[in-house]
Amino acid sequence: MTDTPGPLEYLRRWPIRAWLAVVILYLYAPLVTLMAFSFNASKRNIVWRGFTLDWYRAAFADQDLIVAFGNSLTIALISTVVSVVLGALTALLLWRFRFPAKALLEGALGLPIVVPEICMGVAMLVFFTEVIPWPTSLAWPLNLGAIIISHISFSFSFVAIVIRGCLASFNRELEEAAKDLGAGEWRIFWDVLVPHMQPGLIAGALLAFTLSLDDFVITFFTSGPDTTTFPVKVYSMVRFSVTPEVNAASTILIVLTVALTAFALKISGGTVVAVEAGEGL
Amino acid sequence: MSEPIIRFENVTKRYGKVLAVDNVSLSIGEGEFFALLGPSGCGKTTLLRMLAGFETPTEGRILIDGEDISRTPPNKRPVNMVFQSYAVFPHMTVAANVAYGLVVDGVAAPERRRRVEEALALVKLDGYGGRKPDQLSGGQRQRVALARALVKRPRVLLLDEPLSALDAKLREAMRSELAQLQEKVGITFLFVTHDQDEALAMASRCAVMNRGLLQQVATPSDLYEFPNSRFVADFIGSVNLFEGRLAVDEPDHAVVVAPGLPTRIFLDHGVTGAADSTVWVALRPEKIELHKRADGRGPPRLEDTPEGCNLVPGVIRQIAYLGSESVYEVAVDGGVSVKALRSNLTRRDQEDFTWDEPVWLAWQACSPAVLLS
């Protein structure tokens with residue numbers, strides 16, 4: 001082995017290494033800082049004054065924050081379940097059948113992804129106040145209905161597109177083989193199609209969950225005074241001052257989503273990455 | 001033939017204006033290893049899929065054991081199929097794949113296990129039950145597909161291009177293995193192929209199709225030696241075709257005058273064609289003898305042929321050395337090019353004839369087939 005790097009050993013050249021270092025620094029340094037200062041024994045996010053868990057205690061003691069967090073999880077959970085079912089069925093419809101205005105539906109499916117979120121937010125606001133007003137006085141979790149519906153309306157199209165991509169690689173002979181061996185449509189769906197869609201279903205669910213959990217713009221327009229979500233709550237807290245309490249709450253959220261993603265990756269055998277990357281979202 | 005197990009009765013399939021299968025009537029007997037042979041787009045796969053139930057005939061009926069099943073859905077037919085891509089369920093183990101049809105049928109677990117093991121042993125995959133399809137080779141996946149179909153004990157096993165996805169060596173090995181398997185289980189096999197070698201090697205009978213029409217149904221050797229049309233003669237194997245006029249047509253002999261050949265073609269049998277009509281003489285390359293013509297050597301003697309017939313002088317233009325045999329392309333005086341095949345019987349045989357060598361082409365009176373269409 002000589003010391004000069006080979007033609008394909010890019011990682012042994014210093015400009016590449018420097019570039020990599022800069023990328024990693026700007027990508028992860030903010031996150032690391034945020035998490036580190038959530039343990040800082042000082043009220044300001046500037047100087048390290050020693051380790052403490054006080055901010056976590058404060059975050060857990062903050063009733064508004066806990067309620068907002070609970071709301072966020074509830075909304076994310078319900079909207080994920082509904083969008084996965086809806087998205088999977090839409091994908092199946094587009095994959096399996098030919099019908100008039102199919103191209104139109106396919107195009108319309110992409111709209112929530114390309115339309116600026118702010119416009120979606122305003123549209124939802126107008127819709128839920130003027131067209132079909134959602135009663136604000138309902139009991140929890142029904143009072144979250146407006147937010148859940150708006151979350152479903154944008155995340156189900158992501159799910160549908162991911163699953164559509166998954167179905168594109170389906171070998172129709174598998175379906176015929178199952179039928180040939182005696183299976184009816186319902187059995188074919190559960191025995192052959194669903195297993196094939198599984199990576200898409202997991203990737204879609206993951207997408208829907210994270211999209212809903214961290215959505216700010218659309219939620220901001222559809223949430224009422226009693227229906228704050230975590231991102232909206234953090235925003236309002238930050239407007240007064242960035243306290244380490246916000247850091248602590250954010251850290252919990254980060255750890256939660258990373259753990260969830262890792263879990264989903266593990267049970268799907270890593271195929272989620274391929275599907276998500278392949279879809280180029 | 002005993003009572004046929006499958007009967008196609010005037011089956012026609014149209015896709016819009018395209019005629020995929022054109023008025024096909026065909027009977028297949030119990031225990032046959034039957035091949036549907038033809039170029040791509042000839043309708044053979046459509047015919048197979050109609051039997052499996054994935055397509056319904058536009059006109060006509062399909063009967064299995066005398067029962068009309070034209071409108072029966074695929075999951076209710078006594079046939080099973082081995083798909084071209086094998087279509088092995090990727091998320092199930094080998095055993096689960098083979099068991100699937102039995103699970104759907106509600107066969108009890110102990111019997112299911114026994115039959116799955118039996119089927120796996122039949123295709124020589126004992127001990128592979130716990131594997132996933134992605135841990136198998138292409139040939140093994142095909143065996144899984146075979147076992148999965150055979151475990152249901154179908155009346156007919158359908159195979160769609162069963163060997164096309166295998167590499168050349170394996171394909172040859174699978175040919176004899178499939179034939180052995182069919183003998184062992186005694187189930188009627190119906191397979192589709194575009195590969196004539198495959199059909200000739202495996203099938204007990206073949207149907208040749210072209211443009212939706214059934215051209216000829218015969219045993220492999222009859223197809224090869226007694227084709228009924230130019231299409232069949234040309235599609236099966238290699239052939240020299242001479243267009244000519246039927247000059248003499250007696251019960252015990254016939255003579256064809258072909259403008260492309262300097263001599264007349266003598267046949268030791270009658271043709272029953274209209275006198276003076278246009279016919280085509282099909283002559284297989286291996287039935288033509290090559291003789292040296294240099295140094296003023298006279299023409300060879302042909303026992304069953306009158307003097308001057310079935311003997312053509314020419315010059316070797318091309319030689320394709322194929323190892324076991326060589327194909328010589330001979331330019332006949334008069335312009336036509338004729339292919340003659342010669343086995344390389346000794347290790348130096350192929351050097352005997354060389355380029356630009358003057359030769360005699362000779363053939364027996366019984367060798368050519370006369371085609372009326």
Side-chain angles (χ1 to χ4, degrees), chain A residues 84 88 91-92 95-100 102 162-206 263-275 278, chain B residues 45 48-55 72-93 96-107 112 115-116 119 132-134 141-142 144-154 156-161 165:
Chain A
V84 166
L92 276 171
W95 170 73
R96 179 70 179 265
F97 300 104
R98 260 187 282 174
F99 50 90
K102 179 176 172 175
V162 169
I163 295 178
R164 184 82 207 278
C166 202
L167 283 171
S169 67
F170 182 74
N171 176 5
R172 290 300 287 266
E173 284 197 343
L174 288 175
E175 194 186 340
E176 291 184 342
K179 196 177 245 180
D180 185 68
L181 292 166
E185 295 290 341
W186 190 244
R187 276 212 83 127
I188 294 172
F189 177 73
W190 286 108
D191 291 350
V192 181
L193 263 173
V194 170
H196 181 84
M197 289 195 300
Q198 193 199 336
L201 289 171
I202 294 172
L206 212 61
F263 175 70
L265 279 177
K266 198 171 155 57
I267 60 168
S268 73
T271 30
V272 173
V273 185
V275 173
Chain B
T45 303
L48 189 82
R49 289 176 61 83
M50 281 196 281
L51 189 56
F54 298 122
E55 314 279 349
T72 312
N75 46 351
K76 304 265 187 326
R77 295 188 184 203
V79 300
N80 285 110
M81 186 147 159
V82 175
F83 290 83
Q84 189 169 10
S85 68
Y86 313 143
V88 173
F89 304 128
H91 57 282
M92 296 183 196
T93 61
N97 260 286
V98 177
Y100 186 76
L102 302 178
V103 173
V104 171
D105 285 354
V107 174
R112 205 164 66 211
R115 277 170 70 176
V116 166
K132 280 293 192 72
D134 57 9
R141 271 201 289 276
Q142 183 179 42
V144 175
L146 269 168
R148 189 177 65 178
L150 285 172
V151 81
K152 291 206 64 175
R153 299 177 184 152
V156 185
L157 183 75
L158 310 176
L159 301 113
D160 187 8
E161 302 270 3

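Here is how names work: the chains are called A, B, and so on, in the same order as the sequence lines, proteins then strands, and each is numbered from 1. Only heavy atoms go into these numbers, but all of them, side chains included; no hydrogens, no water, no symmetry mates.
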Undergrad: Is R77(B) in contact with chain A via its backbone, its side chain, both, or neither, using a 4.5 Å heavy-atom distance?
TA: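 Neither part; nothing is under 4.5 Å.
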Undergrad: For F54(B), is it the side chain, the backbone, both or neither that has a heavy atom under 4.5 Å from a heavy atom of chain A?
TA: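 For F54(B), the contact with chain A is made by the side chain alone.
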Undergrad: Could you tell me whether the side chain of H91(B) and the main chain of D191(A) form a donor-acceptor pair under 3.5 Å?
TA: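 Between the backbone of D191(A) and the side chain of H91(B) there is a qualifying donor-acceptor contact (under 3.5 Å).
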Undergrad: Please classify the contact of Y100(B) with chain A as side chain, backbone, both or neither, using a heavy-atom distance under 4.5 Å.
TA: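 Side chain only.
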Undergrad: Would you name the heavy atoms of G182(A) and V104(B) that are closest together and state the gap between them?
TA: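 The answer is O-CG1, 3.1 Å.
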Undergrad: What is the distance from atom CZ of F83(B) to atom CG of D180(A), rounded to the nearest 0.5 Å?
TA: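 Here the rounded value is 5.0 Å.
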Undergrad: What's the shortest heavy-atom distance between N171(A) and S85(B), and which atoms?
TA: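 In terms of heavy atoms, the two residues are closest at ND2-OG, 2.9 Å.
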Undergrad: Counting heavy-atom pairs under 4.5 Å with chain B, which one of K179(A), R187(A), E175(A), E176(A) comes out on top?
TA: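 Answer, by heavy-atom pair count under 4.5 Å with chain B: E176(A).
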Undergrad: Is V151(B) close to chain A through its backbone or its side chain, or both, or neither, when contacts mean heavy atoms under 4.5 Å?
TA: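 No part of V151(B) comes within 4.5 Å of chain A.
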